[in-house]
Structure formats: C-alpha cells, structure tokens
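A short worksheet on the structure shown next.
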Number of protein chains: 2
Amino acid sequence: MSAPKKTPRSIVPLSREDWVKAATNLIAQEGIQAVAVEPLALALGVTKGSFYWHFHNRDELIHAALEAWEQDQSADVVTRYAGIEDPRRRLRVLLFAAFEDVENGRFFAALGVSSEDPRVQPYLWRATERRLAFGVEAFKALGLSETEARQRALLAYAAYAGYFQLLRATPEALEAVTDLSGYVRRLADALVPAKAARPS
Amino acid sequence: MSAPKKTPRSIVPLSREDWVKAATNLIAQEGIQAVAVEPLALALGVTKGSFYWHFHNRDELIHAALEAWEQDQSADVVTRYAGIEDPRRRLRVLLFAAFEDVENGRFFAALGVSSEDPRVQPYLWRATERRLAFGVEAFKALGLSETEARQRALLAYAAYAGYFQLLRATPEALEAVTDLSGYVRRLADALVPAKAARPS
DNA sequence: CTGTTTCAATACGCAGGCGTATGGAAGCCA
DNA sequence: TGGCTTCCATACGCCTGCGTATTGAAACAG
C-alpha cells in the first residue's frame with residue numbers, strides 16, 4: 001500500500017474551528033485578554049499568517065468563541081429542565097446540574113473576569129437574564145410571590161456565580177467542601193421551601 | 001490673616017498616597033490591568049516622570065494599593081463583629097454589614113477579576129481565608145457541626161462574592177432587587193437556623 | 001544669593017501585540 | 001504542464017506601555 005493516503009495535506013491544515021476551540025479554552029483558563037493572535041498562533045504551531053487567512057481580525061475570533069458558547073447554552077438549560085413536571089424537583093435538578101457542569105461554570109466565571117470588555121457584555125447579560133428568568137419562573141411555580149421568587153432566584157444565581165468565581169480565584173478555599181453535592185443540597189434546602197416543614 | 005498660607009507649592013505636588021488612591025479607584029472600577037503608568041499619569045495631569053520619582057516601578061504601586069486595602073480589611077470585619085455576644089445576631093449583623101459596604105464589595109469583585117494575576121493572589125487568598133474562617137466560627141458558635149458550619153459559611157461567602165460579581169458584570173440583573181436588605185434578610189433567614197421556627 | 005532638595009517634563013530605547021502585504025508551497029483541475 | 005485555490009511564512013509599520021536618563025523648575029535653607 002503506497003502509504004495510506006495520508007491526510008490530504010502532508011501536515012494537517014488548521015480549520016477555523018480549531019482556532020475557535022483554542023480560543024475557547026484560552027478564555028476559560030485566562031480570560032478574554034489572553035486571546036492574543038500571535039501567542040495563540042505560536043501555541044498552535046503556526047504564525048499569524050494563518051490566523052488572518054481564517055479571520056478578519058481578533059474580534060472576529062472572540063465573537064465566534066462567545067457565539068459558540070451561547071449556542072451551547074440555549075441548547076442546554078432551558079430546554080432540558082422545562083420538561084420536569086414537579087417544580088420542586090425541577091428546581092433541585094436544575095441546581096445540581098448547574099453546579100455539576102464544571103466546564104460551563106469555569107467558562108462563565110471567565111466571562112465574569114472579562115466583564116468590562118464590551119464584547120462579552122451582551123453575551124454575559126443574555127446568559128444571566130435567561131438563567132435568572134428561568135429561576136424566577138421555577139420559584140413562582142412553587143407558589144412564591146414575584147418578589148420572593150426574584151430574591152430566591154437571585155440568591156441561587158449569586159451562589160452559583162460566587163462558587164465558580166471562588167473555584168477560579170481561590171480554589172484552595174473550596175477544598176473544605178469536598179462534598180459538592182452536599183453543598184448544593186444545602187443550598188437547595190435553604191432556598192426551596194419544603195412541602196412539609198424540613199428541619200436542617 | 002495674610003492669606004491662609006496657600007499650599008506649600010503654587011500647584012500642589014502629588015504625594016505617593018495620591019497615586020495609591022488613584023490606583024485603588026482604578027482597580028475597583030476596571031481591575032488591575034487598568035493600572036497603567038502612562039494613562040494614570042495622564043489622568044492625574046502629570047507625566048511618567050512624576051510616577052517614577054515616587055515609585056520604583058508599576059508593581060510597587062499595585063502592591064501599595066493592595067496592601068492599603070488589606071490593612072483596612074483587617075481593621076474592619078474581624079475586630080468589629082467579634083464583640084457581639086449573641087452568635088445569631090453576630091452573624092446577621094455581619095452579613096448585613098458585608099453587603100452594605102458596597103465600596104469594599106466592588107473592590108473585592110475587582111480583585112476577583114484579576115485573580116489570575118500572581119500579584120493579587122496572595123491578597124485574595126488571605127482575605128478569603130480570613131473571612132471564611134470567621135464565618136465558620138460564627139456558625140459553629142450556633143452549635144453546628146464543623147461540616148455544616150463550613151458549608152454554610154461557604155454558601156454565605158459565595159452568595160456575597162456572587163452578588164458583587166453580578167453587580168459588577170451585569171448590574172441590570174440586580175435592578176430586580178431594589179430592596180437589598182430584603183435580599184440579605186432572606187439570605188440570613190436561609191442560612192441562620194432560627195431559634196424558634198421562623199416562617200418565611 | 002547660592003546650593004540643595006523635591007517634584008516633574010522630555011526624550012529615548014525596548015518589547016509585545018495588531019494588522020497588512022507579499023510571496024510561496026502544496027494540492028486540485030484541466 | 002500550467003493555472004487556480006488553499007493555507008501559511010516572512011517581513012514590515014504602527015501603537016501602546018514599561019522603564020531610564022537627563023534636564024528643569026520651584027521651594028527651602030543657609
């Protein structure tokens with residue numbers, strides 16, 4: 001066999017998606033400002049020349065990465081948990097799922113890091129709005145008033161955002177909580193009113 | 001009195017503290033990376049020449065700002081609230097005070113933004129450790145087990161960190177909560193076990 | 001009035017990152 | 001074989017920010 005017809009090109013060419021994926025990882029780890037063309041090219045083993053063939057400029061890459069994330073998002077939360085009937089269960093499942101999706105949590109925290117950046121603001125705002133609205137609905141479905149539902153949803157969301165910010169900034173601080181599910185259970189117990197009175 | 005003896009110089013010279021204060025404000029608003037010598041000099045109406053007379057380099061300014069913040073910190077929380085006898089009240093007062101000190105909350109959130117920076121990490125870590133430890137003690141004083149106290153303290157701290165992160169990143173999201181004290185009260189109610197059963 | 005100290009302006013060199021321009025090599029197509 | 005397309009390298013100019021060196025000017029001290 002005259003060599004199994006290697007890859008089309010002797011050395012595989014980079015696709016646009018390769019760049020986006022690399023950028024996404026970089027954002028999750030070091031934030032937007034770390035997405036620099038030249039270092040990124042270096043890491044991918046090519047030069048700027050390649051980048052500027054695939055993209056018009058740096059902004060285009062950043063937007064592509066954020067866009068990809070947002071797509072995943074909408075495909076995720078809202079659609080998956082709206083199906084659960086019992087609102088109490090829905091809330092708990094939602095909470096657990098949110099905290100367990102560490103990948104997503106890290107990316108979200110990274111966006112918070114770059115929240116000043118006008119490019120990320122719209123994405124951050126939309127994600128927050130969508131999640132918060134979903135939480136409010138869930139709490140209202142439990143019979144809570146608008147005000148109460150808002151407060152609780154915000155509390156839950158702040159606890160979520162704060163958790164992943166801490167995970168990012170001072171992961172040592174979380175070592176105390178080896179049992180994440182216990183932590184989340186406590187959050188759920190604290191926020192979701194029990195059917196029957198539920199002692200701590 | 002023959003003119004209140006104007007300022008020593010016709011145009012007031014900048015002090016080292018002026019630079020530190022300006023840097024502190026900048027950090028609170030835009031994070032560490034915004035503390036750049038030349039733009040800062042421009043904002044203060046002078047040039048780099050002034051800066052490098054007062055400071056050895058950029059790092060020295062940053063450390064000075066962080067140091068000043070840390071000093072305020074230790075002078076604050078620990079000393080002021082350890083005096084309150086009733087642990088239940090102590091916790092609530094602490095929570096309210098923490099959320100009401102918006103200035104400090106913003107600065108803390110800004111540090112979270114720059115959490116990758118090796119210069120801020122130690123400060124962030126010490127602040128987190130101190131506050132968390134204080135919270136754990138407070139909860140333990142209520143008779144909770146070590147594990148429970150840790151979980152609740154972390155929960156409270158995450159809610160705190162998350163709140164100010166949201167305030168920073170998507171302040172619009174918090175407009176729903178016009179009543180901050182109601183929000184904090186809910187947090188306190190959720191986390192501090194009531195003496196007698198305490199309906200929402 | 002002279003010298004010293006304190007604070008600041010100016011000018012310079014350097015590095016990193018963006019974007020452009022241009023050339024080139026490998027595959028595909030005829 | 002020649003040409004077109006795809007992907008990338010190289011080289012360049014630009015801007016921003018750091019840090020240094022040197023000069024300068026106002027206050028103070030004698």
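The figures here come from the full heavy-atom set of this structure, side chains too, leaving out hydrogens, waters and symmetry mates. Below, chain A is the first sequence line, B the second, and so on; all start at residue 1.
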Only pairs at least two apart or in different chains count here, so list each side chain to side chain donor-acceptor pair (under 3.5 Å) that has a residue in residues 110-119 of chain B.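 Counting only pairs at least two positions apart or across chains, the side chain to side chain donor-acceptor pair (under 3.5 Å) contacts touching residues 110-119 of chain B are A:Arg168-B:Glu116, B:Asp59-B:Arg119, B:Asp117-B:Arg119.
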Inter- and intrachain pairs under side chain to side chain donor-acceptor pair (under 3.5 Å), touching residues 26-42 of chain B, at least two apart: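 Checked against side chain to side chain donor-acceptor pair (under 3.5 Å) - neighbours excluded - the pairs reaching residues 26-42 of chain B are B:Glu38-B:Lys48.
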Check ring-ring contact (aromatic ring centres under 6.0 Å, His included) between A:Phe139 and all other residues, then give those that pass, not counting sequence neighbours.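 Applying ring-ring contact (aromatic ring centres under 6.0 Å, His included) to A:Phe139 gives none.
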Residues two or more places apart in sequence or in another chain: which of them pass side chain to side chain contact (heavy atoms under 4.5 Å, CB included) with A:Ala43?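 Checked A:Ala43 against side chain to side chain contact (heavy atoms under 4.5 Å, CB included); zero matches.
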Would B:Glu67 and B:Tyr123 count as having a side-chain donor-acceptor pair, cut-off 3.5 Å?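 Side chains of B:Glu67 and B:Tyr123: pair found under 3.5 Å.
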Could you tell me the separation between the [atom1] atom of [X] and the [atom2] atom of [N], rounded to a whole number of Å?
X       : N      : atom1 : atom2 : answer
B:Ile32 : D:dG17 : CD1   : P     : 16 Å
A:Ile62 : C:dG17 : CD1   : P     : 14 Å
B:Leu14 : D:dA26 : CG    : C1'   : 16 Å
A:Asp18 : D:dC7  : CG    : P     : 11 Å
A:Glu60 : C:dC18 : CD    : P     : 14 Å

Let me check something: any side-chain donor-acceptor pairs from residues 13-23 of chain A under 3.5 Å, sequence neighbours excluded? List them with distances.
unit_1	atom_1	unit_2	atom_2	d
A:Ser15	OG	A:Glu17	N	3.3
A:Ser15	OG	A:Asp18	N	3.2
A:Ser15	OG	A:Asp18	OD2	3.2
A:Arg16	NH1	A:His54	O	3.2
A:Arg16	NH1	A:Glu60	OE2	2.9
A:Arg16	NH2	A:Glu60	OE2	3.3
A:Asp18	OD2	A:Ser15	N	2.8

Which residues satisfy the salt bridge (charged side-chain N to carboxylate O under 4.0 Å, His left out) test with B:Glu137, sequence neighbours excluded?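 B:Glu137 satisfies salt bridge (charged side-chain N to carboxylate O under 4.0 Å, His left out) with B:Lys140 only.
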Out of D:dC7, C:dG17, C:dA8, which has the shortest distance to the side chain of A:Ala36?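 Taking heavy atoms from C-beta onward, the closest nucleotide is C:dG17.
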Tell me which residues in residues 50-57 of chain A put a heavy atom below 4.0 Å from DNA chain C, sorted by number, or none.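 The stretch gives A:Tyr52, A:Asn57 as the residues lying under 4.0 Å from the strand, ordered by number.
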Within residues 38-47 of chain B, find the residues that approach DNA chain D with a heavy atom at under 4.0 Å, and present them sorted by residue number.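 Nucleic-acid contacts, sorted: B:Glu38, B:Pro39.
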Could you pull out all donor-acceptor pairs under 3.5 Å where a side-chain atom in residues 105-113 of chain B meets a protein atom, sequence neighbours excluded?
none

